[in-house]
Amino acid sequence: MDSELFEKAPVPKAYFSLAMPVVLGMLVTLVYNMVDTYFIAHTGDTSMVAGVSLTAPVFTVMIALGDIFGLGGSSVISRLFGQHRYADGKRLSVFCFYAAIATGILILGLGLVFRDPMLTLLGATDDTWRHASDFYTLIIVGSPFIIVSMTPINLLRTEGHAMQSMIGSMAGTLVNIVLNPLFIHVFGWGAAGSAGATVIANVCTDLYFVWFLLRRSPNLSIDPRLILDRVARRLRVTAREIRGIFAIGIPAAITNLTQSVGIVMINLFLLPYGTDAVAAMGIALKIIMIAVLFFVGFAFGAQPLIGYNYGARNMTRLRAIMRFSYTFLCLFALAMTVALSLADRMLMRFFISDEAIVALGAGMLRVQLLSLVCVAVVMVTTCTFQSAGKALGAFILSISRQGVILAATLFAGSRIAGYSGVIAAQALADLLTAVLAVVLFAVMLPELRARRSGKTEPHDMTERSA
């Protein structure tokens, strides 16, 4: 455990030491997503492309389920480490690992039993059914490996092992990139090849993390004996501790899921204005997602640093961390706003050559960029709530920006200003959510506004576990 990094290192050094590996991992994942789409599209089989696209949300759901134990567990464990309760942190890391495996096995069983109804629900038709079924089946078979991989990726950062977390993530992604063209084009396995490459990549990631946890991690473990009380025949994990993990992990999972929900809502409101509008907005939002991935990497990469110092009740250092985090990410958002605005048409042409859609999408992109600073504020605040165990604040923000508030702005915008109102709805939702984030921060974390210095006494058990 690198206590020096968490307690005494200059804030910028500690911040970037933990956040940069996460950002780099996000970039590799972004490259993989683009390459994966390219290899599928390069087959020229539109039914295959559509079939994979229809079932891709299943993979997103698995990542979200993994986040329950990865992000939820890392929030609780980082606060325990801040209180120097390393044995409790190790015990909970074992629980998170095996709970993720159990969840994956449950999804495997349910996913295979209800395969046909799920494919129908996802929109598979006679033309796309075979490809959708091939992709869906293998992804479901690999669900335990996919879900469990998200746990150590997040937990290792609580010990300061951000680089090792990135290595595991990047290794799996590189395996995926190598196997995709081999399985799809050389072996001719199509959609099944794409899913198979994804599953094998996650198996490789899991093997690396298991090795690291067994050989290199002093404060995390996968030893089931730490949580199994053979005498009493019960788990050595309390209901309060499990609730603490779920209280943070579930809002984190909802945050991931609402991104897909938000895109679906925007598309539904744009449909009356034609498919060109839907296509243009889809590309514009993809470009915005590039910037948002940077925000997620920087904001959530620093989560263990925030959680550790909140658990230690070192409010002086925590205030310095928060000031740096908000200042850096807001300035970064301004820089991204300027850069993406100047390159709007060039970026649109990277995805599509139709000049009508390029012009339409460039205008949409500029509107979305107006609220990029607001997105940065929301990301940092959400991360802070999760790190500090403020489950209610994390939950409210997780369902707001691309959920409840976006639904309200889409409905109001379409009624008041028609097409322009729909285009502006996301930017307005970002602004309103940022205001909400500031209010919630002031209400739920008043100690970070106080002018106290030094350390105070730790929280009681209820607050530590929440």
Side-chain angles (χ1 to χ4, degrees), residues 1-27 71 74-84 89 154-166 219 248 293-336 373 375-390 393-394 434 437-438 440-442 444-459:
M1 182 75 190
D2 190 358
S3 299
E4 180 75 19
L5 178 68
F6 287 92
E7 296 177 358
K8 298 179 181 179
V11 169
K13 177 183 177 181
Y15 182 91
F16 288 118
S17 294
L18 291 168
M20 281 306 298
V22 181
V23 174
L24 293 175
M26 290 280 186
L27 286 177
L71 292 175
S74 65
S75 171
V76 176
I77 291 170
S78 63
R79 279 176 276 138
L80 290 173
F81 285 172
Q83 299 157 17
H84 294 189
N154 289 288
L155 296 189
L156 283 179
R157 292 187 286 112
T158 64
E159 280 191 308
H161 293 308
M163 185 61 68
Q164 288 73 19
S165 174
M166 182 194 72
N219 298 303
I248 301 302
L293 281 175
F294 279 100
F295 298 163
V296 170
F298 280 118
F300 288 86
Q303 185 182 52
L305 185 65
I306 297 171
Y308 184 99
N309 283 279
Y310 187 84
R313 304 301 289 160
N314 190 344
M315 293 299 125
T316 299
R317 183 168 175 80
L318 188 53
R319 279 194 291 270
I321 294 167
M322 298 310 306
R323 282 195 299 269
F324 181 83
S325 186
Y326 277 113
T327 301
F328 167 74
L329 217 54
C330 286
L331 290 175
F332 184 76
L334 286 173
M336 291 289 286
V373 172
V375 178
V377 171
V378 173
M379 290 294 176
V380 175
T381 309
T382 302
C383 165
T384 304
F385 285 152
Q386 291 181 357
S387 303
K390 303 298 182 181
V438 171
L440 289 175
F441 189 94
M444 294 188 164
L445 290 169
E447 62 267 44
L448 291 183
R449 295 185 292 111
R451 293 297 178 183
R452 298 196 304 257
S453 61
K455 299 183 180 181
T456 62
E457 291 298 318
H459 284 216

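Positions are given from 1, in the same order as the sequence printed here.
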For this session: Check the pair Glu447, Tyr310 against side-chain contact (heavy atoms from CB on, under 4.5 Å), reporting the backbone distance first and the verdict last.
Result: CA-CA 10 Å; Glu447 62 267 44; Tyr310 187 84; 3.0 Å; yes

For this session: Hey, could you give me the OG/CG distance between Ser75 and Leu155, rounded to the nearest 0.5 Å?
Result: 11.0 Å

For this session: Would you check if Leu440 and Phe385 make a side-chain contact, meaning some heavy-atom pair closer than 4.5 Å?
Result: yes

Exercise. If you look at every heavy atom in Gly307 and Arg79, which pair is closest and at what distance?
Worked result: O-CG, 3.3 Å

For this session: Provide the closest heavy-atom pair for Ala302 versus Ala19 in the form atom of the first, atom of the second, distance.
Result: N-CB, 4.4 Å

Problem set entry | Candidate list Leu445, Thr384, Val11, test side-chain contact (heavy atoms from CB on, under 4.5 Å), partner Met322, passing option | Thr384

Problem set entry | Heavy-atom side-chain contact between Leu5 and Leu18 under 4.5 Å | yes

For this session: List the atom of Tyr308, the atom of Phe81, and the distance in Å for their closest heavy-atom pair.
Result: CE1-O, 3.4 Å

Exercise. Can you tell me how far the OG atom of Ser165 sits from the CG atom of Leu156, to the nearest 0.5 Å?
Worked result: 5.5 Å

For this session: Taking the side chain as every heavy atom from C-beta outward, state whether Ile248 and Leu71 have any pair of such atoms under 4.5 Å apart.
Result: no

Problem set entry | Geometric class of the Phe298/Tyr15 ring pair [parallel <30°, tilted 30-60°, perpendicular >60°] | parallel

For this session: May I have the step-by-step check of side-chain contact (heavy atoms from CB on, under 4.5 Å) for Ser74 and Gln303, ending in yes or no?
Result: CA-CA 8 Å; Ser74 65; Gln303 185 182 52; 3.3 Å; yes

For this session: Indicate yes or no: at least one non-hydrogen side-chain atom of Phe6 is less than 4.5 angstrom from one of Pro304.
Result: yes

Exercise. Which pair of non-hydrogen atoms, one from Ser325 and one from Val380, has the smallest distance, and what is that distance?
Worked result: OG-CG1, 3.5 Å

For this session: Please report the shortest heavy-atom distance between Ala162 and Ser17, naming the atom on each side.
Result: CB-O, 3.7 Å

Problem set entry | Rounded distance [0.5 Å steps], CD in Gln83 versus OG in Ser78 | 9.5 Å

Exercise. How many angstroms lie between atom CG of Leu329 and atom CE of Met336, to the nearest 0.5 angstrom?
Worked result: 10.5 Å

Exercise. With respect to Asn309, which candidate in Met315, Arg317, Arg319 satisfies the side-chain contact (heavy atoms from CB on, under 4.5 Å) definition?
Worked result: Arg317

Problem set entry | Point-to-point distance, once rounded to the nearest 0.5 Å, from CD of Gln164 to CE of Met166 | 9.0 Å

For this session: Kindly indicate whether a cation-pi arrangement holds for Arg323 with Tyr326, taking the cut-offs as under 6.0 Å to the six-membered ring centre and within 45° of the axis.
Result: no

Exercise. Can you check whether Met20 reaches Met163 side chain to side chain, under 4.5 Å on heavy atoms?
Worked result: no

Exercise. Would a 4.5 Å heavy-atom cut-off, applied to side chains only, mark Phe300 and Gln386 as touching?
Worked result: yes

Problem set entry | Residue pair Pro12 / Phe324, side-chain heavy-atom distance below 4.5 Å | yes

For this session: Taking the side chain as every heavy atom from C-beta outward, state whether Phe441 and Lys390 have any atom pair closer than 4.5 Å.
Result: no

Exercise. For the atom pair SG (Cys330) and CZ (Phe295), what is the distance rounded to the nearest 0.5 Å?
Worked result: 8.5 Å

Problem set entry | Nearest heavy-atom neighbours spanning Ile306 and Ser387 | CG2-CB, 3.6 Å

